[in-house]
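Predicted, not measured: the structure shown is a model, and the values here were computed from it.
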Amino acid sequence: MKLELAQREVNGSRNARSWRTILLGNGQLMAGVFIFALVMAVALFADGLALRPYDAMDLGNRLQPPGTGGPLGTDQFGRDLFSRVVYGSRIALRVGLIVVTIETVLGVTMGLFAGYYGGWVDRVIASVTDVTWALPPIVLALAIVTALGPSLNNVIIAIALVSWAGYARLIRTKTQGLKNMPFVEAARALGESDLSIMFRYILPNTFGLVIVLATLSLPGAILSTTALSFLGLGSQPPAPDWGVILNEGIRHLYDAPWISVFPGLAIVCTALGFNLLGEGLRDVLDPRMKV
Amino acid sequence: MLEYSVRRLALGVLTVLAVTLVLFSVMQLMPGDPIRLLADPGRVPPHRIEELQRQWGLDRPVAVQYLYWLGNLARGNFGHSIISGQSVSVLIASRLPFTLVLALTSLLLHYLLAVPLGLLAAVRSGSRLDRAIVVITTALRTIPGFWLAILLMLLFAIRLRWFPISGYQGLSSLVLPVATLTLPMLGGTVRLTRAEVLETIGERFVLTAYAKGLGHRAVRLRHVLRNALIPVTVMFFLSLPWVVGGSVIIENIFAWPGMGRLLWGSITNQDLPVVQGIIMVIAILTVVCNTIGDVISGLLDPRVRIELEEGR
Amino acid sequence: MNMAKLLQVSDLRVEFLTGRGTVRAVGGVAFQLDRGEVFALVGESGCGKSTTALAVMRLVPPPGRILGGSIRLRGDDLLTLDEDSMTQVRGRHIAMIFQNPMVSLNPVYRAGAQVQEAIVLDQVPKNEAWRRAVDLLGRVYIADPAHRALSYPHELSGGMRQRVMTGMMVSRQPDLLIADEPTTALDVTIQAQVLDLLLELRDRTGMALLIITHDLGIVAEIADRVGVMYAGSLVEQGPVFDIFEEPLHPYTRLLMRALPRLTKGQGSLHTIPGQVPSLIQLPPGCPFHPRCPDRMEICSTKMPGLTVPAGGREVACYLHGVGERQ
């Protein structure tokens, strides 16, 4: 009892403390912001950073180790691995952002409708998510890619289609909690339409949750799409997709292991950055948020 | 409990039916049909192509094709591979055990590691050890499985030569794929176990248990663990299909002769019947596992049981 | 007979370390209980009465800790015992009923099993323990106890759960039963039944009762003596009749006035102006002085000690003599 009292005071004091101390005090968030900024910078300034075009072959310099053959070595066509990994960040970020945008729009809309209307709308959306969850996401994505044919765009569609359901469920719960709040009832009394209430009154109140969700699902999106590219179902060579590079590297495990190491490091770095960013944001926005 | 289990199973069957419908529709969207893809129209006479289409039932209305296919599925007849002509059920049956061995071993090992680590983190909550366990296992989650596989191959198969790099040559071949599947999963279970234990320790009934005179050990075993491990146990069954899904990619890297490798090969060859068959098997496995999870959760937690018997 | 009091708490201090600072939940509380006596600790929520009760059981949850003082059970200081010896004390010598039996019983075990679990601790074979558990459930007025023993907590009503809890806690025949808000979550009729049950058990076994409550009605009904707590301190204690008849401390007086008196048919309900102080930053001097209608100059500078006017009463207020805090 006493403890709750004290806890409430601690939370209440958050407004009083300046946001700067909160941000700086949260090491996780700062690390996330730093890595995020680094990856963004690499993607933005790829043209300046890269030593050569990502597809420039140099057959005289095949499979050179890091050092003699550029900072990260060269691949089986003598292409500069560093340049390929740098350009790869553009693909990874673009793909991640598109996937997350699609699944956010889909999931948030579905969640809003399911939570706001309840009843049969809720049940229909729930059964769609149930069917989505009747297969492990990667298997469902494989099925969709099989149907649509291998290409990066189809992989993006497949991954987005298999991962919106989680969003929908969380937004649904949040909407159910918000729809009986006084400000929503006031809006209803003023004659606002359902759509307007959902998107202009309820949606803004879910932004914190949505931002955290989107940030936390970005690494998953990048991981899944590179996995499919690795299997040869997404980006096609000579694209410098990290998955494609790894796929090429696995054939040279014995004579050129570096090809298989650096793209993976890039993936881990990016994923870690977004995870830290997302969890840091969650802690700052609402530590009790269930994500 | 029995009534509930039956109801749950019926729901599972409905979900499987829905999956067949979705799967069938998705496959109908495929560009071009496999006969035309395989048989070069320049060299195979048109009547032969029609004959093949008839043979595979590809000339009938879509709805009839679906029902026909469903009827076959129900009899365990998944059709024949377009590539090898082998029965799909036989093909899958020869590969499924490999996948199940890989998935179950990984899942068991993962639980043997993650649950004690989660308990340790909870007991030492707030300490440096707790931080280290959570941070390390969570960081493992950001490593893509296929890259971890490559790293393990480089280190343990190529550099140290402890384990075979790929294929199936007995038990030692299992080590690297199992490690690849296990490590990235640890974080989730460690966190779940830790969170559940910490939440249960804070429950009032734990105070009650102390108040009536139970010692630390008895309270921890009979009141904290007994309650906290319910969701952890249920999660075991819910994650089995996910591990099978994850093994699709890992099997291909390690040339493990399981269902995932067959699936990928069939996808690249557009071998529709095999792809459909494998996805159906995985869907059924998923639904069965979810049902088992629900039933177990009812068995372990009387609150769930009552809720379900009264029919939500 | 043993000369020592059954329970003698002196200068008990409990703190909670929070991110915001140290919460002084209990600051030097002292009281005692005789065999068979019913003592009530009363106060507003957050005044430290529940923490005091938990401290007697040595079950203050972290980040709370007992800073000092002594809790003597028949002369032996519980605060000096090791954890194993304390485990021997709990349930056997001092047991405790918690508020809100909904969350205080383990949801995954049957009611009977939770009682049985306590009885088994006294080296009773399991079958015999189950038989006794069913018997006990009958004695706390649960109808059809053999059947109800097989129920899970969520299948029982609030009153029944509280009776299961009571049966469980008296099953090892403790010398002292602490009841923390034993009737808070219950209907009025059930409340009366639970209180009657506690008194009946007291009469039958001779155990003492320490009741924690915010409800003066319960105090009047059940207690022999009462202690009034405010902001972590006992401000007044004495026989229940005297305190109701002539409250000495200004806080007690206000508390009495806030009590709706149906008998006199008064419509107005008095409330105490001001707020309970933050336990992190207690005002200097008497913790009640900011809200006190009779405050004097000294009240805001020095904490009053307990003075003993007459008739087994104690009060911490300068209105009643200049006792200083030891």
Find the one option among A:I267, A:L231, A:I138, A:L135 whose heavy-atom pairs under 4.5 Å with chain B are most numerous. A:L231
Given a strict heavy-atom distance threshold of 4.5 Å, which part of A:L142 is in contact with chain B: side chain, backbone, both, or neither? both
Greatest number of heavy atom pairs closer than 4.5 Å to chain B - which of A:P219, A:A271, A:A134: A:A134
Backbone N or O of B:G293 within a donor-acceptor pair of the B:S297 side chain at under 3.5 Å? no
Which atoms of B:R141 are under 4.5 Å from chain A, going by heavy atoms: the side chain, the backbone, both sets, or neither? both
Which bit of B:I143 comes within less than 4.5 Å of chain A, counting heavy atoms only: side chain, backbone, both or neither? both
Is B:L21 close to B:Y66 at the side-chain level, that is, under 4.5 Å between some pair of heavy atoms? yes
So for B:L263, is it side chain, backbone, both, or neither that comes closer than 4.5 Å to the heavy atoms of chain A? side chain
Of the backbone (N, CA, C, O) and the side chain (C-beta and beyond), which part of B:I284 lies under 4.5 Å from a heavy atom of chain A, both, or neither? neither
Sort A:S224 into side chain, backbone, both or neither according to what part of it lies under 4.5 angstrom from a heavy atom of chain B. neither
Side chain from CB out, backbone as N, CA, C, O: work out which of these in B:W242 comes under 4.5 Å of a heavy atom of chain A, or both, or neither. both
Chain B contact residues among residues 241-257 of chain A, heavy-atom distance under 4.5 Å: A:L246, A:I250, A:L253, A:Y254, A:P257
Is there a side-chain contact between A:L218 and A:L97 in this structure, where contact means two heavy atoms from C-beta onward sitting under 4.5 Å apart? yes
Looking only at A:T132, A:V139, A:T226, A:V261, most heavy-atom pairs under 4.5 Å shared with chain B are made by A:V261
Between B:D271 and B:I267 (side chain of the first, backbone of the second, donor and acceptor by atom type, cut-off under 3.5 Å), is there such a pair? no
Neighbour count above 12 (heavy atom, 6.0 Å) for B:M280 CE: yes
For residues B:P273 and B:I82, determine if any side-chain heavy atom of one lies less than 4.5 Å from a side-chain heavy atom of the other. yes
Between chain A and each of B:L154, B:I249, B:T15, count heavy-atom pairs under 4.5 Å; write down the option with the most. B:L154
Mutual orientation of the aromatic rings belonging to A:F36 and A:F274 [parallel < 30°, tilted 30-60°, perpendicular > 60°]: perpendicular
Below 4.5 Å from any heavy atom of chain B, which atoms of A:P150 appear? Answer side chain, backbone, both or neither. neither
Would A:S151 and A:Q236 satisfy side chain to side chain donor-acceptor pair (under 3.5 Å), going step by step from the backbone distance to the final call? CA-CA 7 Å; A:S151 85; A:Q236 300 299 322; over 6 Å; no
Given heavy-atom pairs under 4.5 angstrom as the criterion, report whether the side chain, backbone, both or neither of A:L265 touches chain B. both
